[in-house]
Amino acid sequence: MSFNGKVVVVTGGTKGIGRAISEKFKSLGANVIILYNSSDNIARELEEKGFLTIKCDVSKRSQVKKAAEIVAEKYDKVDVLVNNAGIWYLFSFEEFDEEKYEKMMKINLDGTIYVTYEFLPLIKKSKGVIINMASNAGLGTSAIGNTFYSITKAGIIILTRRLAYELGKYGIRVNAVAPGWVETDMTIGGKSAEEIEKLRQWFKDRTMLHTTGKPEYIANIVSFLASEDSTYITGQIIVADGGRID
Ligand code: NAD
């Protein structure tokens, strides 16, 4: 599998799953552009490693538009767009927190829409591929208190299906990956070793393979979905959760 000469845009690629995706594409020869809204130090470090980084909060339409303009100037096409940026707040329906809900919707769902919309002209030029980061939560796999995060991811799932319908005529494929519990800052950040071990065990007990997820597992699926090996796959949601039981 080679991505030599291909232009790949990854949102939220500074750490976790997005970082693993960015590194995978780079190792396969792609020009990788990371849209980030975290620290500039991490961006500098990534630039030194050969990534192009653009500061961009995906929930801000004007920033997304500007990022697309920068990419257009430098490459004039995008072969692969990975809408990975996302946040996770855990609270049940009865604990409804409007501010957190709106922030999640804005980044997870609106951000995916904005980035796809603004980059679409560049993706059309290469009959490219779009891969969205959903979650098994968006398919209703149970997790206590996941209601509103699940709604944002369910939105991404239907968006993926709709985009596949609408963009197929341009030769653009659109798929999503729905990971289960992957160990990143999102799931274990700020927790003690003891808490992490407890969580690991909880998920292992609810997973057919009795293991938790690693960012690399998801990156491998994303690169497959971006490659010619998956040329007849579109509108699909690939669940990668080790076989969640409940
Ligand atoms: P993470 O917190 O390690 O990384 C998230 C990335 O998104 C970071 O780089 C962060 O800076 C970026 N980001 C957040 N808000 C942004 C914004 N407004 N604009 C631009 N970038 C922004 O989390 P992760 O676990 O690597 O999650 C990556 C994606 O995978 C998310 O969409 C998440 O919902 C999804 N996911 C994660 C898991 C899991 O168990 N970790 C499971 C299912 C789905």
Side-chain angles (χ1 to χ4, degrees), residues 9-24 32-43 45-46 51 53-67 81-90 100 102-115 118-119 131-141 143 146 148-157 159-160 176-191 196 199-200 202-204 206-207 211-219 221-222 237-242 244:
V9 173
V10 182
T11 67
T14 53
K15 60 178 181 154
I17 294 171
R19 175 77 176 249
I21 292 168
S22 303
E23 295 202 345
K24 176 83 187 180
V32 182
I33 301 149
I34 294 174
L35 267 47
Y36 76 101
N37 79 331
S38 47
S39 99
D40 293 332
N41 286 341
I42 301 174
E45 183 204 306
L46 286 163
F51 296 93
T53 63
I54 302 173
K55 187 143 199 164
C56 172
D57 178 340
V58 297
S59 68
K60 304 263 161 49
R61 181 90 185 268
S62 58
Q63 290 186 26
V64 174
K65 196 168 189 302
K66 183 84 199 128
L81 168 64
V82 185
N83 283 306
N84 163 80
I87 58 167
W88 179 44
Y89 293 124
L90 192 63
K100 286 184 176 163
E102 283 180 358
K103 198 169 168 201
M104 263 195 304
M105 277 301 245
K106 202 78 199 146
I107 294 173
N108 296 4
L109 187 53
D110 295 356
T112 302
I113 293 169
Y114 297 159
V115 176
E118 297 298 345
F119 279 83
I131 297 148
N132 296 326
M133 201 52 65
S135 166
N136 65 355
L139 288 159
T141 304
N146 240 352
F148 295 97
Y149 174 77
S150 301
I151 290 170
T152 69
K153 294 299 184 178
I156 287 174
I157 286 168
L159 176 68
T160 301
V177 182
W181 198 73
V182 179
E183 296 196 19
T184 65
D185 275 359
M186 181 176 276
T187 48
I188 61 173
K191 295 196 165 55
I196 293 170
L199 271 171
R200 264 190 201 130
W202 195 91
F203 281 99
K204 281 181 184 173
R206 286 160 183 81
T207 305
T211 54
T212 55
K214 292 198 169 75
E216 293 72 28
Y217 301 163
I218 309 306
I221 298 163
V222 170
I237 316 304
I238 311 297
V239 179
D241 63 1
R244 254 307 270 280

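Whatever order the structure lists them in is the order used to number ligands and atoms, beginning at 1. These numbers were taken from a predicted model, which means no experiment stands behind them.
Each of Gly12, Thr14, Lys15, Gly16, Ile17, Asn37, Ser38, Cys56, Asp57, Val58, Asn84, Ala85, Gly86, Ile87, Ile107, Met133, Ala134, Ser135, Tyr149, Lys153, Pro179, Gly180, Trp181, Val182, Thr184, Asp185, Met186, Thr187 has a non-hydrogen atom positioned under 4.0 Å from some atom of ligand 1.
Lys55 places no side-chain N or O within donor-acceptor distance of the main-chain N or O of Ala43, the cut-off being under 3.5 Å. Gln63 places a side-chain N or O within donor-acceptor distance of the main-chain N or O of Asp57, the cut-off being under 3.5 Å. In this structure, the side chain of Ser150 does not engage the main chain of Gly138 through any donor-acceptor pair within 3.5 Å.
A salt bridge does not link Glu102 with Lys106: none of the charged nitrogens is closer than 4.0 Å to a carboxylate oxygen.
Because its NZ or CZ atom is both nearer than 6.0 Å to the ring centre of Trp202 and within 45° of the ring axis, Arg206 counts as a cation-pi partner of that residue.
Environment of NZ in Lys103: sparse, with no more than 12 heavy atoms of neighbouring residues, nucleotides or ligands closer than 6.0 Å.
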